[in-house]
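Written below as structure tokens is the structure these notes are about.
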Amino acid sequence: MNDLLLRALRCEETLRPPVWFKRQAGRFLPSYQRLRRSHSLHHLFHTPSLASEITCLPCDELGVDAAILFSDILVIAEVLGYHVDFPLSGGVKVTPPAIKQEGDVRDVLSYVFETIRLLKPKLSVPLIGFCGGPYTVATYLKDTTPQMLQKLTDLSIIYLKEQVLAGVDAIEIFDSWAGHLERSDFEQKSLPYLQQMVEALRPLQIPVIVFCRGSCRYIPELVALNPRAISFDWEEPIDILRQKVPPHLAIQGNLDPEIFAGPLEPLMEKVSQILTSMKGKRGYIFNLGHGVLPRTPVENAHAVIEIVKKISVDSPLST
Ligand code: CP3
């Protein structure tokens, strides 16, 4: 088992940073796009054999150091009777139930746990499970009332615990749109719910990564949550962020997905700059600052992975 990700999450010494890409399962891989043309996304998400196959694609084809479950943050809404659809034309369509209802996470999302169980024996890298932050999910449901935020929190805690029982090695909470809230809203609509989730998972001793766009603005608040790692976008250089986050917490990020999708030369320059600035620093996971853009050439991913992996051969990061 390649345990680089887990060691970096524990802030142990590693020869190089682990590398994986947000939204690596899907979107930009030609092998995924072929599957996507012959199946609806609903079918891909709900069929464990296909979802597990897609989860493995970036590991087998790119050689990333972590797998992230092929699913979506919005499937949790199915427990509340919402119908979630991703039309081929793009975007997402969320339809509320005619009458309020609530199912059991273990039943409604059993296909996710089955996917995890299928994946575990196939993978040679850690598997990241995930869910959305309640605020971000609620924005897609067009209901950010405290009742909805609390309901999503309670369901997400059950959901994450079941993912851990099924076998995931780490958890990432994607509260993508929370960091761009103004302070009082962030403190009311995001933070307390993230806190409940992180605390509920603590006894399970599973590493938890928290991600929001704009997280640079709320570093003390996110540090106070005491997750295992904080994932950053590209608003500040990663070495500066390393200085702002206490050394016992890991950090993840923060290549701009636009640069990742662009021409090779500036991309390689940027990646080298990031890697040089993080040389010798523990608790660092190379990643993007947000999801891979669908138009990203797959060669760019190969090139980035090659340069990250080259570090351990040329100049070990450990000091
Ligand atoms: O990281 C991975 O590859 C694992 C799977 C994953 C998906 N969505 C698959 C997906 C993860 C971790 C997500 C998270 C997610 N989903 C977030 C948080 C992270 C972020 O990027 O901000 C959010 C906000 C969503 C909601 C969502 N899902 C939207 C708005 C859309 C439609 C637009 C889009 O991004 O494509 C999705 C669809 C979605 N989620 C696809 C996949 C593979 C569909 C892409 C396709 O058409 O095949």
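Whatever order the structure lists them in is the order used to number ligands and atoms, beginning at 1.
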Original post:
Does Q196 have any side-chain hydrogen bond (donor to acceptor under 3.5 Å, both in side chains) partners at least two apart in sequence or in another chain, and if so, which?
Top reply: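 With sequence neighbours excluded, Q196 shows a side-chain hydrogen bond (donor to acceptor under 3.5 Å, both in side chains) to Q150, given in chain and number order.
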
**OP:** Quick one: list whatever passes salt bridge (Lys or Arg N to Asp or Glu O under 4.0 Å) with D65, sequence neighbours left out.
**Re:**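 Only R16 meet the salt bridge (Lys or Arg N to Asp or Glu O under 4.0 Å) criterion with D65.
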
Original post:
Looking at F211 versus F232, is the centre-to-centre ring distance below 6.0 Å?
Top reply: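 Distance test on ring centres: not under 6.0 Å, no.
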
Original post:
When the aromatic ring centroids of F260 and F21 are compared, is their separation below 6.0 Å?
Top reply: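 Ring centroids of F260 and F21 are less than 6.0 Å from each other.
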
**OP:** Go through the structure and list residues passing ring pair (Phe, Tyr, Trp, His ring centres under 6.0 Å) with H39, not counting sequence neighbours.
**Re:**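 Once residues adjacent in sequence are excluded, the partners of H39 under the ring pair (Phe, Tyr, Trp, His ring centres under 6.0 Å) criterion are H43.
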
Subject >> Exercise: do K22 and S231 side chains pair donor with acceptor under 3.5 Å >> reply: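 Yes, because at least one side-chain N or O of K22 sits under 3.5 Å from a partner of the opposite role on S231.
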
Does ligand 1 have any N/O pairs with the protein under 3.5 Å, and how far apart?
{"unit_1": "ligand 1", "atom_1": "1 (O)", "unit_2": "R23", "atom_2": "N", "d": "2.8"}
{"unit_1": "ligand 1", "atom_1": "3 (O)", "unit_2": "Q24", "atom_2": "N", "d": "3.1"}
{"unit_1": "ligand 1", "atom_1": "3 (O)", "unit_2": "A25", "atom_2": "N", "d": "2.7"}
{"unit_1": "ligand 1", "atom_1": "3 (O)", "unit_2": "A25", "atom_2": "O", "d": "3.2"}
{"unit_1": "ligand 1", "atom_1": "8 (N)", "unit_2": "R23", "atom_2": "NE", "d": "3.2"}
{"unit_1": "ligand 1", "atom_1": "8 (N)", "unit_2": "D72", "atom_2": "OD1", "d": "2.9"}
{"unit_1": "ligand 1", "atom_1": "16 (N)", "unit_2": "D72", "atom_2": "OD1", "d": "2.8"}
{"unit_1": "ligand 1", "atom_1": "21 (O)", "unit_2": "R23", "atom_2": "NH1", "d": "2.7"}
{"unit_1": "ligand 1", "atom_1": "21 (O)", "unit_2": "H290", "atom_2": "NE2", "d": "3.1"}
{"unit_1": "ligand 1", "atom_1": "22 (O)", "unit_2": "S176", "atom_2": "OG", "d": "2.6"}
{"unit_1": "ligand 1", "atom_1": "22 (O)", "unit_2": "H290", "atom_2": "NE2", "d": "2.6"}
{"unit_1": "ligand 1", "atom_1": "28 (N)", "unit_2": "D72", "atom_2": "OD1", "d": "2.7"}
{"unit_1": "ligand 1", "atom_1": "35 (O)", "unit_2": "R23", "atom_2": "NH2", "d": "2.9"}
{"unit_1": "ligand 1", "atom_1": "35 (O)", "unit_2": "R27", "atom_2": "NH2", "d": "2.4"}
{"unit_1": "ligand 1", "atom_1": "40 (N)", "unit_2": "R23", "atom_2": "NH2", "d": "3.1"}
{"unit_1": "ligand 1", "atom_1": "40 (N)", "unit_2": "D72", "atom_2": "OD1", "d": "2.7"}
{"unit_1": "ligand 1", "atom_1": "47 (O)", "unit_2": "R36", "atom_2": "NE", "d": "3.1"}
{"unit_1": "ligand 1", "atom_1": "47 (O)", "unit_2": "R36", "atom_2": "NH2", "d": "3.1"}
{"unit_1": "ligand 1", "atom_1": "48 (O)", "unit_2": "Y32", "atom_2": "OH", "d": "2.4"}
{"unit_1": "ligand 1", "atom_1": "48 (O)", "unit_2": "R36", "atom_2": "NE", "d": "2.7"}

